[in-house]
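Below: the structure, in structure tokens.
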Protein chains: 2
Amino acid sequence: MIENPYYTRDVHGDFDLISVGELQLEEGGTIPDCKLAVATYGELDAAKDNVILVPTWFSGSHQIWHDVYIGPDHALDPSRYFIVVVNQIGGGLSTSPHNADDPSIAMSSFPHVRIGDDVVAQERLLREHYGVEQLQLVVGGSMGAQQTYEWAVRFPEKVLRAAPIAGTARNTPHDFLFTEALNEQIWSDPGWQRGEYRSHTEVEDGLTRHAHLWGIMGLSTEFWKQEVWRALEFESKEAFLEGFLEPYFTAMDPNDLLATGWKWQRGDVSRHTDGDLPAALGRITAKTFVMPITEDMFFPVRDCAAEQALIPNSELRPVEDILGHLSLFGVAPTYMPQIDKNLNELLASDV
Amino acid sequence: MIENPYYTRDVHGDFDLISVGELQLEEGGTIPDCKLAVATYGELDAAKDNVILVPTWFSGSHQIWHDVYIGPDHALDPSRYFIVVVNQIGGGLSTSPHNADDPSIAMSSFPHVRIGDDVVAQERLLREHYGVEQLQLVVGGSMGAQQTYEWAVRFPEKVLRAAPIAGTARNTPHDFLFTEALNEQIWSDPGWQRGEYRSHTEVEDGLTRHAHLWGIMGLSTEFWKQEVWRALEFESKEAFLEGFLEPYFTAMDPNDLLATGWKWQRGDVSRHTDGDLPAALGRITAKTFVMPITEDMFFPVRDCAAEQALIPNSELRPVEDILGHLSLFGVAPTYMPQIDKNLNELLASDV
């Protein structure tokens, strides 16, 4: 376990750390005492049927959902719903390489965790800790979309509605290679020391290069061409890199990024059906809005549309936004209105 | 000067090494004895008015033009035209960091060379060595397109027709950042030693990561999704990386890639007009076919279309191809017929 001031309540806001006990992992091995960092908004009603689950994305936490997506003016309205945001395993707040105090899973010893492991842990959390058996909605972006799909395929009876935003049910090979390149930036830093660095600051060079790849693939050609960073009050593209993307990623833990990167690369609901993606997506009973982002360079609309076509009760709802994948941050004023419109309609639909 | 077996006639086929003398550079400094590696096809006619010039792209040479684009079955027909392919400065065959025997410009001492310097050197070569004053066509892909635009803006009276393929007249900020990430892969390899390695093999790790970024951005999401590498007789995406992209780039010289990368990042015809791109492109008198590739992830069609709209006598002629930017290799059987159709029409047009 190493200290990293980024993964604290000072940075991410309040959350509960709740153990779901020993978690047997799909790849073998276990997390002996798996703690999930959970933030909830609103009140669980007596019937326990007003629950919305939000799994988190790569490098993200509940914080962005708190700051951008959840509130009385949004579809995710805590006055109506009990909204449970669960930080993913390995993401830095839940049990993760850098914060594990059990040496059997600390740092480079952290086991491979899959999307399915997160979903199993989340289901256990909801059932055992909150007594919740059914979800009005599962909604998540990017790796949160991967978990949303996994929920809808693995526990179809528990998921009434699903809204995967900017993500896929089965990761694409291009996406695998992009994530591999992100990982390589860390692996290639001599300071990484095969995962046994003493501080994430020893891997600053690798994390900086990692940030730069997000600059190329995470945003869009139009973001840069139209100099959208000016709206974010930066004076140049270099200032935006140095003032936003670099500090964002260099604060993080390299092993945590690698653990979640490994998980991202292998997201695939067709593991439930011997590789048959149509069969897996055909299991989904949730009313599903598939919501790709129009300028996304690694989850392009057509990849999401191809999956949507395989989901029985689904619609394709592209979100127009120039920021590309990182539109998920909700910077453009036109972004959240589209998200809310779709989620409001989805939540109002009969199921 | 260091030995590198890649930059030889054994690999690239025959060429002439022709000095254009001392080349004063836009950024200051000089190349005391600038040698251009030139391959010609066909015969210069008595009127010296049957000349087609082909500048080369990043990491490429005349070889791909010889192998794929030039021949009796192609628009670039040596029985009709005298086709001059000039390898760019810094590209490994012409005067470049790794092959300079003058210590004032060798390796890390190599000066900054701009697109405009290449075009000035090429104009001098054509005029002084071949006595050629006017070109039926300038055609090039990627950095070759940058040089094509530079020719058409700098020497409008000399360029009757222009066909920039998969490239821009003014490099975009996204493209700058992509190239910077390519460069970073080399800079971050401890074996690079600030450009004073003894062999390119000492930078193999950096060059391998460089190759991987081409895998993500140089091809397309659909290339990987449709497993087009199977048509190239590879058995997996990993085998394609290990069998094609990695050996392709790890054979090259790191400083040569950095020198041409620096040049690529700063291609900008509006340097002639104080940054006014419409004014620069408005100078072009050549009949111009702007030919972006539909799946290109860093020279997207819309960026090329925006420039085309500023060129008086021009048409947008997108090339449909799934390989993305690396469509330029001409692997898809549907690629060259589109190139030839457009170039035949362009060459047949009155000017």
Side-chain angles (χ1 to χ4, degrees), chain A residues 168 170-192 203-229 236-238 240-241 245 295-304 306-307 324, chain B residues 168 170-192 203-229 236-238 240-241 245 295-304 306-307 324:
Chain A
T168 48
R170 180 163 72 186
N171 202 40
T172 65
H174 177 269
D175 216 52
F176 185 98
L177 294 174
F178 168 51
T179 314
E180 193 77 354
L182 290 172
N183 293 347
E184 282 182 344
Q185 305 309 311
I186 294 170
W187 294 330
S188 63
D189 188 329
W192 179 61
V203 196
E204 186 176 1
D205 289 351
L207 292 170
T208 299
R209 292 195 300 276
H210 176 109
H212 292 173
L213 294 195
W214 282 101
I216 300 164
M217 289 291 295
L219 295 154
S220 71
T221 58
E222 281 300 291
F223 171 88
W224 296 106
K225 191 172 187 187
Q226 297 186 24
E227 302 187 345
V228 179
W229 39 262
S236 67
K237 67 179 186 301
E238 290 74 20
F240 175 74
L241 288 173
L245 284 177
E295 293 280 343
D296 198 317
M297 291 184 72
F298 54 93
F299 291 115
V301 173
R302 63 182 163 199
D303 285 354
C304 300
E307 295 187 335
Chain B
T168 48
R170 180 163 71 187
N171 202 41
T172 66
H174 177 269
D175 216 53
F176 185 98
L177 294 174
F178 168 51
T179 314
E180 193 77 354
L182 290 172
N183 293 347
E184 282 182 345
Q185 305 310 311
I186 294 170
W187 293 331
S188 62
D189 188 328
W192 179 61
V203 197
E204 186 175 2
D205 289 351
L207 292 170
T208 300
R209 293 196 300 277
H210 176 109
H212 292 173
L213 294 195
W214 282 101
I216 300 164
M217 289 292 295
L219 295 153
S220 72
T221 58
E222 282 298 291
F223 171 87
W224 295 106
K225 191 172 188 188
Q226 297 186 24
E227 302 187 345
V228 179
W229 38 263
S236 67
K237 67 179 185 301
E238 290 75 17
F240 175 74
L241 288 172
L245 283 177
E295 294 280 343
D296 197 317
M297 292 184 72
F298 54 93
F299 292 115
V301 173
R302 63 183 163 198
D303 286 354
C304 299
E307 295 187 334

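Below, chains carry the letters A, B, ... as their sequence lines are ordered, and counting in each starts from 1.
His174(A) places no side-chain N or O within donor-acceptor distance of the main-chain N or O of Glu222(B), the cut-off being under 3.5 Å. Formation of a donor-acceptor pair under 3.5 Å by the Glu307(A) side chain with backbone atoms of Arg170(A) is found in this model.
Contact of Gln185(B) with chain A is made through the side chain alone, with heavy-atom distances under 4.5 Å. Heavy-atom distances place no part of Leu219(B) under 4.5 Å from chain A, backbone and side chain included. Of the atoms belonging to Phe176(B), it is side-chain heavy atoms, and not backbone ones, that fall under 4.5 Å from chain A. Contact annotation for Lys237(B): only side-chain heavy atoms (C-beta onward) come within less than 4.5 Å of a heavy atom of chain A. Looking at Asp303(B), both its backbone and its side chain come within 4.5 Å of chain A, counting heavy atoms on both sides.
Within residues 203-213 of chain B, the residues approaching chain A closer than 4.5 Å by heavy atoms are, in numerical order, Arg209(B), His212(B), Leu213(B).
Between Met297(A) and Ser220(A), the shortest heavy-atom distance links the atoms SD-CA, 4.0 Å.
Atom CE of Met217(A) and atom CG of Leu182(A) lie 9.0 Å apart (nearest 0.5 Å).
Relative ring orientation between Phe178(B) and Phe298(B) is described as tilted, the plane-to-plane angle lying within the 30° to 60° band.
For the ring pair (Phe, Tyr, Trp, His ring centres under 6.0 Å) criterion with Phe240(A), the lone passing option out of Trp229(A), Trp214(A), Phe223(A) is Phe223(A).
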